[in-house]
Amino acid sequence: MNRTFSIIKPDATKRNITGSINQLIEKNDLRIIAQKRIKMSIEQAQQFYSVHNDKPFFGDLVDYMTSEPVIVQVLSGEDAVKKYRKVMGATNPDNAEEGTIRKLFALNIQENSVHGSDSDENAKSEIQFFFNENEIVG
Ligand code: IDP
Ligand code: MG
């Protein structure tokens, strides 16, 4: 068992579909072992997405991520990072496989409903960015 970090993004909290997304997560044998609803600050969003700070979409991404509440989550499961990336689907919903969260729910390449870590190392640091270990109950 290992962990990954997930965010249910503003487009999804705004449309009140967090339960539908959690249902897909759980159906795919990932366990939600920590979860909280927060409003990200601009500073948090800039730091969280700092790897993209040279991209043309960075400013829009920060505005979007701070526009509405988000749900930050820790997921646990076998091969959790890889599994959740598969359950999420491709960044651009036009390219996402049938049945994935992004194919089912994403509005466009930016408002794509969920974030998931892309490596075990990033999962660890992203979890630490939002959670204390005593908030995670596996
Ligand atoms: P990922 O979320 O699938 O890992 P990344 O390339 O890490 O995708 O991009 C982070 C987030 O930035 C995406 O989920 C999406 O919200 C936004 N994003 C990525 N590429 C674009 C783009 O070309 N235009 C607008 N927003 C983008
Ligand atoms: Mg990414």
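Values reported hereafter were calculated over all heavy atoms of this structure, with side chains retained and with hydrogens, waters and symmetry mates removed. We count ligands from 1, going down the list as the structure has it; atoms in each ligand are counted the same way.
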K.L.:
Kindly tell me which protein residues have any non-hydrogen atom under 4.0 angstrom away from an atom of ligand 1, grouped by chain and ordered by number?
P.N.:
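Residues near ligand 1: Lys9, Tyr49, His52, Phe57, Leu61, Arg85, Thr91, Arg102, Ile109, Gln110, Asn112.
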K.L.:
For Gln110 and Tyr64, which heavy atoms make the closest approach, and how far apart are they?
P.N.:
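Minimum heavy-atom contact is O-CE2, 3.4 Å.
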K.L.:
Looking at Phe131, is Lys36 sitting on its ring face, NZ or CZ under 6.0 Å from the six-membered ring centre and within 45 degrees of the normal?
P.N.:
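The answer is yes, since Lys36 meets both limits relative to Phe131.
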K.L.:
What pairs with Asp63 under side chain to side chain donor-acceptor pair (under 3.5 Å), at least two apart in sequence or on another chain?
P.N.:
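Applying side chain to side chain donor-acceptor pair (under 3.5 Å) to Asp63 gives none.
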K.L.:
Decide if the gap between the ring center of Phe5 and the ring center of Phe129 is smaller than 6.0 angstrom.
P.N.:
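Judged by ring-centre distance (under 6.0 Å), Phe5 and Phe129 do not meet the cut-off.
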K.L.:
Answer yes or no: is there a donor N or O on one side and an acceptor on the other, between the side chain of Arg102 and the main chain of Asn92, under 3.5 Å?
P.N.:
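Judged by distance alone, no pair lies under 3.5 Å.
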K.L.:
Just how far is it from atom CD of Glu97 to atom CG of Leu104, taken to the nearest 0.5 Å?
P.N.:
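Atom-to-atom, Glu97:CD and Leu104:CG are 12.0 Å apart.
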